[in-house]
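Proteins come first, then strands; the chains are lettered A, B, ... in the order of their sequence lines, and each starts at number 1.
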2 protein chains.
Amino acid sequence: MLKISELSKKTGLTAHTLRYYEKHGLINASNRSEAGYRFYTDSDVRRVQFVKTARNTGFSLEDIGQLLSIRVDKLSHSCQEVTDITRKKLDEVSAKLTELQSMQQTLQLLLESCCGGPENATHCSIMEALDAGLLLDREAASRTEQQGETK
Amino acid sequence: MLKISELSKKTGLTAHTLRYYEKHGLINASNRSEAGYRFYTDSDVRRVQFVKTARNTGFSLEDIGQLLSIRVDKLSHSCQEVTDITRKKLDEVSAKLTELQSMQQTLQLLLESCCGGPENATHCSIMEALDAGLLLDREAASRTEQQGETK
DNA sequence: TATAAGCTTAGAGTTAACTCTAAGGTCAAC
DNA sequence: GTTGACCTTAGAGTTAACTCTAAGCTTATA
């Protein structure tokens with residue numbers, strides 16, 4: 001039976017975060033001392049570690065809530081439910097990745113185009129590119145279109 | 001001279017967002033009607049488009065504030081200042097990219113490992129992997145270390 | 001002239017996941 | 001018996017970039 005600071009050390013999550021997770025229904029301390037101190041069982045610890053692993057994998061706390069309800073009653077849930085959550089997250093991550101890759105490419109091009117020296121910025125090619133809106137041909141285009149479509 | 005809704009149409013930014021940018025010192029309407037309506041000059045429009053392009057490139061509003069102060073007085077600023085801001089942003093984007101790529105890989109492996117079928121989740125390999133904390137060998141490890149180091 | 005569309009401001013709400021504070025109770029050690 | 005470390009709770013603050021609301025003018029149209 002671990003106290004919250006011991007669980008904190010064991011998991012690398014702060015006591016604050018552990019209480020936050022509890023408040024949001026993700027974890028719990030199976031026992032309390034007479035004074036109200038939380039005491040965590042091995043089972044509690046495993047659940048916290050599950051949450052941490054899922055968090056590190058990119059799942060939101062809401063996702064994790066769903067995964068946890070599957071975890072405690074696996075018989076009533078299917079693999080498909082699990083893959084649905086996972087695929088949805090993968091799609092989100094992939095979309096974000098595409099966006100960031102586009103940004104990365106643009107930023108690299110900008111850096112390559114500029115001398116980066118102590119000269120004044122009168123003819124700075126980065127400033128010129130931003131002024132010209134040249135980047136709109138790439139990432140901005142898709143986002144601008146999406147904005148227009150959702151109106 | 002454009003009214004705010006006209007500028008909104010022209011830029012794809014909402015009037016709300018334009019006022020928000022103004023409140024945060026990024027843009028301004030050079031003129032106002034007697035009734036207080038904002039009127040934007042061509043120069044104002046170009047500045048707004050600069051902000052939009054920079055935003056699409058990944059710069060934060062704070063970054064853009066710096067870029068704008070360079071933009072209005074290029075003689076007093078160097079290319080290096082511009083590349084510093086750009087490189088810092090590129091580093092951020094690259095770091096985030098690495099993290100997301102790791103997540104993507106993990107999520108893909110999880111999906112490949114699971115049947116995803118209507119079977120109950122008793123032996124779901126995704127649940128097992130999250131339970132085992134297997135992913136900690138990859139991305140979580142670096143983040144856990146960072147957390148430990150910054151303590 | 002009445003209606004609707006559009007403009008103004010100040011300020012509150014949203015989102016996610018913490019992060020921190022205040023006020024106070026508990027516990028082990030010296 | 002008094003420090004000091006640790007625990008409790010409720011609730012406020014943080015971050016970024018919007019997004020929306022309310023209450024009230026202004027303007028164009030029919």
Identify all pairs in which a protein N or O lies below 3.5 Å from an N or O of nucleotides 21-26 of chain C, and state each distance.
| residue | atom | partner | partner atom | Å |
| --- | --- | --- | --- | --- |
| dG25(C) | N2 | Tyr37(A) | OH | 2.8 |
| dT26(C) | O4' | Tyr37(A) | OH | 3.3 |

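Atom CD in Glu6(A) sits roughly 14 Å away from atom P in dC27(C) (whole-Å rounding). Atom pair Leu7(B):CG and dC7(C):C1' shows a separation of 14 Å (rounding to whole Å applied). We find that CZ of Arg19(A) is positioned 12 Å from P of dC6(D), with the value rounded to whole Å. The distance from atom CE of Met1(B) to atom P of dC7(C) is 15 Å, rounded to the nearest whole Å. Regarding Leu13(A), its CG atom lies at a distance of 10 Å from the P atom of dT19(C), rounded to whole Å. The interatomic distance linking Asn56(B) (CG) with dA17(D) (P) rounds to 13 Å, in whole Å. Per the geometry, CG belonging to Leu18(B) stands 12 Å off C1' belonging to dC18(D), to the nearest Å.
Annotation: proximity of residues 21-32 of chain B to DNA chain D (heavy atom, distance under 4.0 Å) is found for Tyr21(B), numbered in ascending order.
Sequence neighbours left out, the pairs with a member in residues 20-35 of chain A that pass salt bridge (Lys or Arg N to Asp or Glu O under 4.0 Å) are Glu22(A)-Arg32(A), Glu22(A)-Arg38(A). Sorted pairs that involve residues 111-130 of chain A and meet salt bridge (Lys or Arg N to Asp or Glu O under 4.0 Å), not counting sequence neighbours, are lacking altogether. Legend: salt bridge (Lys or Arg N to Asp or Glu O under 4.0 Å) pairs involving residues 2-15 of chain A, not counting sequence neighbours: none detected.
Set against dT8(C), dA17(C), dA17(D), the side chain of Tyr20(A) has dA17(C) as its closest nucleotide. Closest to the side chain of Leu61(B), out of dT8(C), dT19(C), dC18(D), is dC18(D). Minimum atom distance to the side chain of Lys3(A) is reached by dC7(D), of the listed dC18(D), dA17(C), dC7(D).
By the ring-ring contact (aromatic ring centres under 6.0 Å, His included) test, Tyr20(B) pairs with His24(B), sequence neighbours left out. The side-chain hydrogen bond (donor to acceptor under 3.5 Å, both in side chains) check on Asp42(A) picks up nothing, with sequence neighbours excluded. Not a single side-chain hydrogen bond (donor to acceptor under 3.5 Å, both in side chains) links Ser78(B) to another residue, sequence neighbours left out. Shown here are the ring-ring contact (aromatic ring centres under 6.0 Å, His included) partners of Phe50(B), two or more places apart in sequence or in another chain: there are none.
Taking 4.5 Å as the limit, some side-chain heavy atom of Cys114(A) sits within range of a side-chain heavy atom of Cys124(A).
Look at Lys89(B) and Asp63(B) and you find a salt bridge, because one of the NZ, NE, NH1 or NH2 atoms lies within 4.0 Å of a carboxylate O, short of that distance.
Residues Glu34(B) and Phe59(B) each lie close to DNA chain D; by heavy-atom proximity, the contact nearer the 5' end of the strand is made by Phe59(B).
Dashed line: the shortest gap from a side-chain N or O of Ser5(B) to OP1 or OP2 of dC7(C) is under 4.0 Å. OP1 or OP2 of dC7(D) has not a single side-chain nitrogen or oxygen of Arg38(A) nearer than 4.0 Å. Close to dC18(C), at under 4.0 Å from its OP1 or OP2, lies a side-chain N or O of Arg55(A).
With no hydrogens or angles considered, no side-chain donor-acceptor pair links Thr53(B) and Asn56(B) at under 3.5 Å.
Residue contacts for Ser33(A): at a heavy-atom cut-off of 4.0 Å it reaches no nucleic acid atom on any strand shown.
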